[in-house]
Amino acid sequence: MTTTTAAPPPPVTARHTAAGRAPVRSVHRRWTEHGLVFVAPFLLLYAMFLLWPLVSGVGMSLTSENITGTGGEFVGLANYAEAVRDPDVWSSLWNTVWFTVLSTVPLVLVGLGLALLSHQLRVVQWLWRLSWFAPFLLPSGVVCLLFAQMIFPSGFGLADQTLAAAGLEPGIGWLSEERYAMLSIVATTVWWTVGFNFLLYLAALQAIPVHLHEAAELDGAGAWHRLLHITLPMLRRTTALVVVLQVLASLKIFDQVYIMTGGGPDESTRPILQYVYQQGFTGYRIGYASAVSYLFFALILIVSLVRPALSRRRAEEAAK
Amino acid sequence: MSGSATVKTPSVRPAATGAGGRRARWTGGRAALLVLALILAAAWLVPLAWAVATSLKPEAETTSTPLAWIGSRVTFDAYAKVWESGDLTRWMLNSVFTSLMTTVLTVLTCAMAAYGFTRTDFRGRRTLYGLVLAGIMVPPQVLIAPLFTEMVQLGLVDTYWGVILPQVAVPAMVFILVKFFEGVPRELEEAAFVDGAGRWRVFWTIVMPLSRPVLAAVAIFTFISTWNNFLWPFLVTTDPAGMTLPVGLVNVQSSFGVRYAQIMAALVIAGLPLLIVFMLFQRQIVRGIAHTGLAGQ
């Protein structure tokens, strides 16, 4: 990418100001001269499919509407009151948070480790990218069916067979026993998505000026010392970014659980989005589902408050 | 993304052994790291290899123990059966069409909006841009209930547009493009204006070509995320004929019964297109993720 810095203050010419207010050169100004024309297509879609649902959802959450959006009565805050008292809301919210905690730690650390390895080696980069990043490009349906049907089944699944080959006791209910199900989903998620963090870290590592390491090495700093005192501190902003992105992504878990365990066993893995889906789409209580959605949204907004640092960094990256 | 595919063989050229981490001298530690990396790479490739291996076994041997990577014979029966059933082709085409349309529309509308916000002026511009930025905070997943109701009312359930349109207006993409456009020198446009070109023309003939790298990044990222999107297409399509690949696969896994070779053959077919795209465009995709990954989709 070209490294264009901010443009210098442009010469102020009449041409330069808004096309709408420029001196009229021709009497018939074309419609494409108005700035709003450029913004309009996006704004139309944005209003229809983001702003409007956001607003209408609030209205809906105050009613007893069914799935078609008809026949609802205004019930005030009753849905919210019910949601706060609903043990299923709390348990699925807890499952979501627990999954986020369990998945974020390995996803960040393994991503960092793989990036350090591949950056240090500087050979066969294509192989590292193919093995660690390529799974990220597979649809969740493919990944989850693969793990649910061929890796985790008891007995003939690859996980059990590997245990058996190693002389250990097979027959573990990877997805059917409560103590393993969430961990199996976490393992699948790490395998599937760690490549994304790997790439973000790799890009950051490659941006660290080589002369920092050279100078430290001349001063007699060993590899370990340089890792602790140069590389890791230089990665601090990337880590902040990766953690926030990862937490936000993990909170939205749905696919893996829905496909692999359906929320079971005994609803021990059911995340909040699946509860919203069950209430709204199979239970036909779209008003109640909306109310639960907004409680979930509140949780995400709280996490997003950590984002100012992130958007600064983003601006820098995007401007490169 | 420099430094990719650089040193292929242990290099002992004196010029390459300046101070710093650039040299590729094979010390014991480095060899140990390489072995570790190879083991990890193998660990990551095993599930994929297992899927391929299973798909090539005769159906009767897919669940046999003990562990066998290759069956008594290698057969493509499962692929033939999956292909004959026809659904997979249909879903593949649906996925290609909806993903391409979403990508084209996203790049077009977001680039136009970003240009409008950075280079033109009109009443309410700042307010509208603020509104768009605020949208970055809204995860589409929390809107499924009201969005679906809206789709019912618009009659878009089980249509391509029902899958495509809600995925198009991504505020984070506008933000990325605004930041890029702000860095494009205005002088380039000035000359064209003096020559009598209008905004539309300048946008198409100067700004868009100049922004090719960032547009490619946005396009690649949009394509990957729409191709892999599960939740929204899953909600908005009920008719199998209109399903995208990931949704269709999950929908029929029960109808495959216990035919594991066929399930794995279907997964291999479904996973292959993006893996091929990845191998062809590694560099661009990696760069794209490094840039738009920051959109945090």
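Residue numbers begin at 1 in each chain, while the letters A, B, ... track the order of the sequences. Source: prediction; values computed, not measured.
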Between atom [atom1] of [X] and atom [atom2] of [Y], what is the distance when rounded to the nearest 0.5 Å?
{"X": "Thr149(B)", "Y": "Ile286(A)", "atom1": "OG1", "atom2": "CD1", "answer": "4.0 Å"}
{"X": "Met264(B)", "Y": "Leu146(A)", "atom1": "CE", "atom2": "CG", "answer": "5.5 Å"}
{"X": "Gln120(A)", "Y": "Leu36(B)", "atom1": "CD", "atom2": "CG", "answer": "12.0 Å"}
{"X": "Leu33(B)", "Y": "Leu117(A)", "atom1": "CG", "atom2": "CG", "answer": "6.0 Å"}
{"X": "Thr54(B)", "Y": "Ile151(A)", "atom1": "OG1", "atom2": "CD1", "answer": "8.0 Å"}

Close side-chain approach of [X] to [Y], heavy-atom, < 4.5 Å:
{"X": "Leu43(A)", "Y": "Val132(B)", "answer": "yes"}
{"X": "Phe49(A)", "Y": "Glu150(B)", "answer": "yes"}
{"X": "Gln141(B)", "Y": "Phe254(A)", "answer": "no"}
{"X": "Trp126(A)", "Y": "Met279(B)", "answer": "no"}

Please check if the side chain of [X] supplies one atom and the backbone of [Y] the other of a donor-acceptor pair under 3.5 Å.
{"X": "Trp191(A)", "Y": "Trp44(B)", "answer": "yes"}
{"X": "Asn228(B)", "Y": "Leu137(A)", "answer": "yes"}
{"X": "Arg30(B)", "Y": "Leu121(A)", "answer": "yes"}

Between chain A and each of [options], count heavy-atom pairs under 4.5 Å; write down the option with the most.
{"options": "Val174(B), Val168(B), Leu154(B)", "answer": "Val174(B)"}
{"options": "Val247(B), Thr106(B), Val138(B), Ile224(B)", "answer": "Val138(B)"}
{"options": "Leu48(B), Asn229(B), Val178(B)", "answer": "Leu48(B)"}
{"options": "Leu235(B), Leu245(B), Leu128(B)", "answer": "Leu235(B)"}
{"options": "Leu34(B), Val157(B), Leu105(B), Leu210(B)", "answer": "Leu34(B)"}
{"options": "Leu272(B), Val46(B), Leu108(B), Leu231(B)", "answer": "Leu231(B)"}

Out of [options], return the one with the most heavy atom pairs under 4.5 angstrom to chain B.
{"options": "Leu145(A), Leu45(A), Leu273(A)", "result": "Leu145(A)"}
{"options": "Gln246(A), Gln161(A), Met48(A), Gln279(A)", "result": "Gln161(A)"}
{"options": "Leu50(A), Leu251(A), Val55(A), Leu51(A)", "result": "Leu50(A)"}
{"options": "Tyr258(A), Phe136(A), Phe296(A)", "result": "Tyr258(A)"}
{"options": "Ile259(A), Ile272(A), Val292(A)", "result": "Ile259(A)"}

Which atoms of [X] approach chain A - backbone, side chain, both or neither, heavy atom under 4.5 Å:
{"X": "Leu147(B)", "answer": "both"}
{"X": "Leu131(B)", "answer": "both"}
{"X": "Val277(B)", "answer": "neither"}
{"X": "Tyr129(B)", "answer": "neither"}
{"X": "Pro171(B)", "answer": "both"}
{"X": "Phe203(B)", "answer": "side chain"}

Q | Leu274(B) and Leu138(A): CA distance, side-chain angles, deciding distance, side-chain contact (heavy atoms from CB on, under 4.5 Å) verdict | A | CA-CA 7 Å; Leu274(B) 269 197; Leu138(A) 296 173; over 6 Å; no

**Q.** Stepwise side-chain contact (heavy atoms from CB on, under 4.5 Å) check, Met112(B) with Phe42(A)
**A.** CA-CA 8 Å; Met112(B) 282 174 64; Phe42(A) 178 88; over 6 Å; no

With only heavy atoms counted, which part of [X] is less than 4.5 Å from chain B, the side chain, the backbone, both or neither?
{"X": "Val194(A)", "value": "side chain"}
{"X": "Leu130(A)", "value": "both"}
{"X": "Leu212(A)", "value": "neither"}
{"X": "Ala134(A)", "value": "both"}
{"X": "Leu114(A)", "value": "side chain"}
{"X": "Trp128(A)", "value": "side chain"}

Looking only at heavy atoms, what is the nearest atom pair of [X] and [Y], with distance?
{"X": "Pro139(B)", "Y": "Phe297(A)", "result": "CD-CE1, 3.5 Å"}
{"X": "Leu45(B)", "Y": "Ser131(A)", "result": "CG-CB, 3.6 Å"}
{"X": "Ala270(B)", "Y": "Val142(A)", "result": "CB-CG2, 3.7 Å"}
{"X": "Ala37(B)", "Y": "Trp132(A)", "result": "O-CZ2, 3.6 Å"}

Q.
Evaluate Phe234(B) against Phe281(A) for ring-ring contact (aromatic ring centres under 6.0 Å, His included), listing each step before the verdict.
A. CA-CA 11 Å; Phe234(B) 164 73; Phe281(A) 292 80; 8.5 Å; no

Q: Go through the steps for Leu38(B) and Leu127(A) under the test side-chain contact (heavy atoms from CB on, under 4.5 Å), then give the verdict.
A: CA-CA 9 Å; Leu38(B) 285 173; Leu127(A) 177 64; 3.8 Å; yes

Q: Tell me whether the centres of the aromatic rings in Phe133(A) and Phe278(B) are closer together than 6.0 Å.
A: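 Under 6.0 Å, so yes.
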
Q) If you count the non-hydrogen atoms of other residues, nucleotides and ligands that lie under 6.0 Å from CZ in Arg125(B), is the total more than 12? A)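 Atom CZ in Arg125(B) is packed in, count exceeds 12.
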
(Q) Set out, in order, the CA-CA distance, both residues' side-chain angles and the distance that settles side-chain contact (heavy atoms from CB on, under 4.5 Å) for Val39(A) and Tyr115(B), then state yes or no. (A) CA-CA 8 Å; Val39(A) 182; Tyr115(B) 183 78; over 6 Å; no

